[in-house]
Amino acid sequence: MSKEMTLVEQDIPVHSRDKILAWCIIIATWIGIRLVKIEYIYSLLRKLKKRCKQDMTLREAKVIASCVYSARKIFWGRVACLETSLSIFLLALLKQRSVQWYLGVKLGHFSSHAWIEVEGKPLDNEANEYQKIMKI
């Protein structure tokens with residue numbers, strides 16, 4: 001994501017252990033995206049999401065997203081929308097909470113985007129410009 005998530009409050013206090021966990025998840029996500037086909041990632045995430053018994057609240061999502069945004073600032077590689085959204089999704093799974101992960105496209109000048117929605121609201125303002133093609 002080129003822009004910060006609009007619903008994420010950057011001043012949410014985040015524990016150091018959560019930032020470290022987010023950084024570890026970013027590393028795992030970054031490596032996984034480069035080594036594993038998206039179809040396999042999609043299948044695995046669908047199976048893992050079935051274990052979540054409760055939806056994540058918007059407040060919880062903001063905290064997790066803040067952790068990921070803090071952690072990605074010190075990551076050495078490219079962390080764009082796919083890595084960011086998958087990291088948020090995985091952190092939600094670790095907390096046994098359900099969020100919706102989307103992949104979408106925009107035609108014209110073709111582009112793709114990945115984002116998280118909680119309580120029916122995307123965590124970034126770019127998501128509304130894209131047509132949803134994949135959801136977990």
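Side-chain atoms are counted along with the backbone in the values below, which use heavy atoms only and exclude waters and symmetry mates. Residue numbers start at 1 and run along the sequence shown.
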Practice task
Would you please test R59 and E119 for salt bridge (Lys or Arg N to Asp or Glu O under 4.0 Å) and show each step?
Solution key: CA-CA 10 Å; R59 174 71 179 156; E119 298 175 358; over 6 Å; no
Handout entry: C81 and E83: CA distance, side-chain angles, deciding distance, side chain to side chain contact (heavy atoms under 4.5 Å, CB included) verdict
Key = CA-CA 6 Å; C81 61; E83 294 87 357; over 6 Å; no
Practice task
In sequence, state the C-alpha distance, the side-chain angles, and the governing distance for I25 and L94, and then conclude on side chain to side chain contact (heavy atoms under 4.5 Å, CB included).
Solution key: CA-CA 10 Å; I25 293 291; L94 284 175; 3.8 Å; yes
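Distance CD/E117 to CH2/W101: 13.0 Å, rounded to 0.5 Å. Distance check: I133 CD1 to S112 OG gives 7.5 Å after rounding to the nearest 0.5 Å. Distance check: K106 NZ to E126 CD gives 7.0 Å after rounding to the nearest 0.5 Å. A distance of 13.5 Å separates CG in L35 from OH in Y40, rounded to the nearest 0.5 Å. To the nearest 0.5 Å, the span separating CD1 on I64 from NZ on K62 amounts to 13.5 Å.
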Below 3.5 Å, can you tabulate the donor-acceptor pairs from side chains in residues 49-56 to any protein atom, sequence neighbours excluded?
| from | atom 1 | to | atom 2 | distance (Å) |
| --- | --- | --- | --- | --- |
| K49 | NZ | V99 | O | 2.9 |
| K49 | NZ | I136 | O | 3.1 |
| Q54 | OE1 | R97 | NH1 | 3.3 |
| Q54 | OE1 | R97 | NH2 | 3.4 |

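The shortest non-hydrogen separation linking I33 to L86 is CD1-CD1, 3.7 Å. Nearest heavy-atom pair across A114 and L82 is CB-CA, 3.9 Å. Nearest approach of T29 to S87, heavy atoms of both residues: OG1-OG, 3.5 Å. Between D18 and C67 the shortest heavy-atom distance is CB-SG, 3.5 Å. Closest non-hydrogen pair, K19 versus A71, comes out as O-CB, 3.7 Å. Among all heavy-atom pairs drawn from V118 and A61, the shortest one is CG2-CB, 3.5 Å.
Within a 6.0 Å sphere centred on NZ of K135, other residues, nucleotides and ligands contribute 12 heavy atoms or fewer.
Between W115 and Y102, the angle of the ring planes stays under 30°, which puts this pair in the parallel group of the 30/60° scheme.
One side chain, Y130 or S111, offers a donor N or O that lies under 3.5 Å from an acceptor on the other.
Taking 4.5 Å as the limit, some side-chain heavy atom of L90 sits within range of a side-chain heavy atom of L45. In this structure the side chain of L123 reaches within 4.5 angstrom of the side chain of L58, judged on heavy atoms.
Here L107 pairs with F110 under the side-chain contact (heavy atoms from CB on, under 4.5 Å) rule; sequence neighbours left out. With sequence neighbours excluded, the residues satisfying side-chain contact (heavy atoms from CB on, under 4.5 Å) with K47 are S43.
Neither I20 nor V68 shares a network with the other; the hydrophobic side chains, linked directly or stepwise wherever heavy atoms of I, L, V, M, F, W or Y lie under 4.5 Å apart, form separate groups for each.
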